[in-house]
Number of protein chains: 2
Amino acid sequence: MTSDDKSTRHTARMVRKKAVIDAAIEQANQEKGLLLVLTGNGKGKSSSAFGMMARALGYGMKVGVAQFIKGRSDTGEEAFFRGQANVEWHVLGEGFTWNTQDRERDTKTAQAGWAIAQRMLRDPSIQLVILDELTYTIKYGYLDLTQILADIAARPAMQHVVVTGRGAPVALTELADTVSEIMDIKHAWRAGIKAQPGIDL
Amino acid sequence: MTSDDKSTRHTARMVRKKAVIDAAIEQANQEKGLLLVLTGNGKGKSSSAFGMMARALGYGMKVGVAQFIKGRSDTGEEAFFRGQANVEWHVLGEGFTWNTQDRERDTKTAQAGWAIAQRMLRDPSIQLVILDELTYTIKYGYLDLTQILADIAARPAMQHVVVTGRGAPVALTELADTVSEIMDIKHAWRAGIKAQPGIDL
C-alpha cells in the first residue's frame, strides 16, 4: 500500500467516524445534574474527582468537598484548593479507621460529617459536591446507605455529585448516571515505592 | 451478636489491618519519579491527571501539561489552570482527527507537539509532566512509540509523568510504575445526556 493509499483509507475511516460521532452528539441533548461514581481498587479515583473540581471551577461553578475517613489536613489537594474562591472544603474523618480502632467514635464522626454533606446536597448554589471516600463509611456501617441514597436523589436538579471509594454498593451504582471502575493493573506501591507527594497525596 | 461483640470484632479486625498496612508502609521506602498510565474506555482518565496536577501544585511543584489531539481551548481545566503560578500549559492538537480528516496535517501537528513535550521531559525544574490523550497519536501512527518511550525513560530521575488515553500500548504500560485501567461500567452519554461543563469538559 502506498502512502497515498494509506492517507485515502485514513480519510475514509475518519469521515465514517465523524458521522457516527456527530449522530451521537445530536442524540445526547439532555442536561441534568449527574451522579458519578468512581470505584475500584486502582489509583485515580479521588484525583479524578479533584480534576473535575478544577474543570467546574474553570466554569466559575461553586464546589463543595467532603472528605470522609481521610482525617488528615496535609494533602496536596487540600493545600491547593482550600481557601480558593467558590470552594467549600471539609475534612470529616479522623484518620483511617485502622488508625483509630474505635467503632463508636468513627460512627459519630461519620454521622457528623454526613450532616455537613446533607447541607451541601440541599444547597442549589453548590453546583458540584464531591463525597470523597464515602464508600468506606458505608462498608463499615458508619452511615446508612438508604439515607445517603435518599439525600443524593433529593438534591437540586442541576447539581452534580461525585462519589469516590472502593467497593461502591450496587444500589449506589444503580442510582448513578456514570460509573467508572478503576482497575489496579500495576501500582508503584507493590514495587516498594512510597506514596509520592503530588501524585498519591 | 451484640453491639459490644460487633465493636470488639471490628477493633480486632482493624488492629490486624493496621499491622498489615504498617508493614507495607515500612517496606515501601523508595522514592523516584513515577510514570503513571491512565487508560481504558471509562470516564476519569484526564480528570485524574488534572487532580494529580492540583496535588502537585499544592506542594509547590512545577507542572507542565501537553494536551494532544484535543485542539480546543475552552475546557474547564484550561480555564482554571492556565496562567496559574508554576503551570506551563500547551494545547497541541487541532481537534480530533475525525474533524480534520487530514493525516499529513495531523502527523505534523503531533510531531511539533512532541518537540514541546520533549523539552519538558528534559527539564528537571518541571516536577510533573502530563501528556494528556497521548495514546491516540500513537494509535494513528502520528508519533513513534519507540521515540516516546526513549524520551520518557531518559527524563530527570525525580520527574513524574502521567500519560492518559484509551488503548495504551503494552510497551508503555511495561515501562510504567502505576497503571490504572478505567472501565466504563455506565456512562450518562448513553442515556442521552450531553457532555457537561465541569464534569466532561
Side-chain angles (χ1 to χ4, degrees), chain A residues 7 10-11 14-15 17-18 21 27-32 34 38 42-44 46-52 54-59 61 76-77 79-81 97-99 101 103-104 127-128 160 173 176-189 191-194 196-199, chain B residues 7 10-11 14-15 17-18 21 27-32 34 38 42-44 46-52 54-59 61 76-77 79-81 97-99 101 103-104 127-128 160 173 176-189 191-194 196-199:
Chain A
S7 199
H10 178 83
T11 301
M14 289 302 134
V15 168
K17 201 153 188 169
K18 180 166 168 29
I21 299 284
Q27 208 174 27
N29 54 10
Q30 294 173 57
E31 298 208 50
K32 59 171 284 206
L34 300 176
L38 300 159
K43 193 247 177 316
S46 295
S47 52
S48 181
F50 296 123
M52 287 185 248
R55 283 182 175 154
L57 293 172
Y59 284 99
M61 295 160 76
E77 64 265 25
F80 181 68
F81 285 118
T97 189
W98 50 79
N99 282 328
Q101 301 175 357
R103 184 181 172 80
E104 303 300 317
Q127 289 153 285
L128 169 61
H160 301 301
T173 62
D177 301 287
T178 294
V179 179
S180 293
E181 184 178 349
I182 304 190
M183 314 283 286
D184 177 2
I185 307 296
K186 194 195 258 192
H187 199 298
W189 167 267
I193 297 163
K194 71 179 187 181
Q196 295 291 299
I199 298 294
Chain B
S7 199
H10 178 83
T11 301
M14 290 300 132
V15 168
K17 200 152 188 170
K18 180 166 166 32
I21 298 284
Q27 208 175 26
N29 54 11
Q30 295 172 55
E31 298 209 48
K32 60 172 283 208
L34 300 177
L38 300 159
K43 192 246 176 317
S46 295
S47 52
S48 181
F50 297 123
M52 288 186 246
R55 284 183 175 154
L57 293 172
Y59 284 99
M61 295 160 76
E77 64 264 24
F80 181 69
F81 284 119
T97 189
W98 50 80
N99 281 327
Q101 302 175 356
R103 185 182 172 78
E104 303 299 317
Q127 288 153 286
L128 169 61
H160 302 302
T173 62
D177 300 287
T178 294
V179 179
S180 293
E181 184 178 350
I182 303 190
M183 313 284 285
D184 177 2
I185 306 297
K186 194 194 259 191
H187 200 297
W189 168 267
I193 296 162
K194 71 179 188 180
Q196 295 293 299
I199 298 294

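Fair warning: this is a prediction, and the values are worked out from it, not measured in the lab. Only this structure's heavy atoms are used, side chains among them; waters, hydrogens and symmetry mates stay out. Within every chain, numbering begins at 1; the chains are lettered A, B, ... in the order of the sequence lines, protein sequences first and strands thereafter.
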### Message
Please classify the contact between A:L38 and chain B as side chain, backbone, both or neither, with a heavy-atom cut-off of under 4.5 Å.
### Response
side chain
### Query
For B:I193, is it the side chain, the backbone, both, or neither that has a heavy atom closer than 4.5 Å to a heavy atom of chain A?
both
### Summary
Closest non-hydrogen contact found for B:R55 with A:S47 is NH1-CB, 3.9 Å
### Task
Enter the distance from B:D184:CG to A:E181:CD here, rounded to the nearest 0.5 Å.
11.5 Å
### Message
Quick check on B:L57 against chain A: is it the side chain, the backbone, both or neither that has a heavy atom closer than 4.5 Å?
### Response
both
### Message
Heavy-atom pairs under 4.5 Å with chain B - which of A:A191, A:G76, A:A49 has more of them than the others?
### Response
A:G76
### Query
What is the ring orientation for A:F81 with B:F80, classed by angle as parallel under 30°, tilted 30 to 60°, or perpendicular over 60°?
parallel
### Query
Could you state the interatomic distance from CE (B:M183) to CD1 (A:I182), rounded to the nearest 0.5 Å?
11.5 Å
### Task
Tell me, for B:H160 versus chain A, whether the close heavy atoms (under 4.5 Å) come from the side chain, the backbone, both or neither.
side chain
#### Entry: Set of side chain to side chain donor-acceptor pair (under 3.5 Å) partners for B:S180, sequence neighbours left out
none
### Summary
d(A:I199 CD1, B:T178 OG1) to nearest 0.5 Å is 8.5 Å
### Message
Once side-chain contact (heavy atoms from CB on, under 4.5 Å) is applied, do any residues pair with A:A176, and if so which ones, sequence neighbours excluded?
### Response
A:L35, A:V37, A:V179
### Task
Specify the closest pair of heavy atoms between B:G58 and A:A79, including all atoms of both residues, with the distance to one decimal.
O-CB, 3.5 Å
### Message
What's the separation between atom OH in B:Y59 and atom CD in A:E77, rounded to the nearest 0.5 Å?
### Response
7.5 Å
### Message
Counting only non-hydrogen atoms closer than 4.5 Å, does B:A54 touch chain A with its backbone (N, CA, C, O), its side chain (CB onward), both, or neither?
### Response
both
### Query
With a 4.5 angstrom heavy-atom cut-off, which part of B:Q196 approaches chain A: side chain, backbone, both or neither?
side chain
### Message
Just so I understand: if I count every heavy-atom pair under 4.5 Å between each of B:G51, B:G192, B:P197 and chain A, which residue has the most?
### Response
B:G192
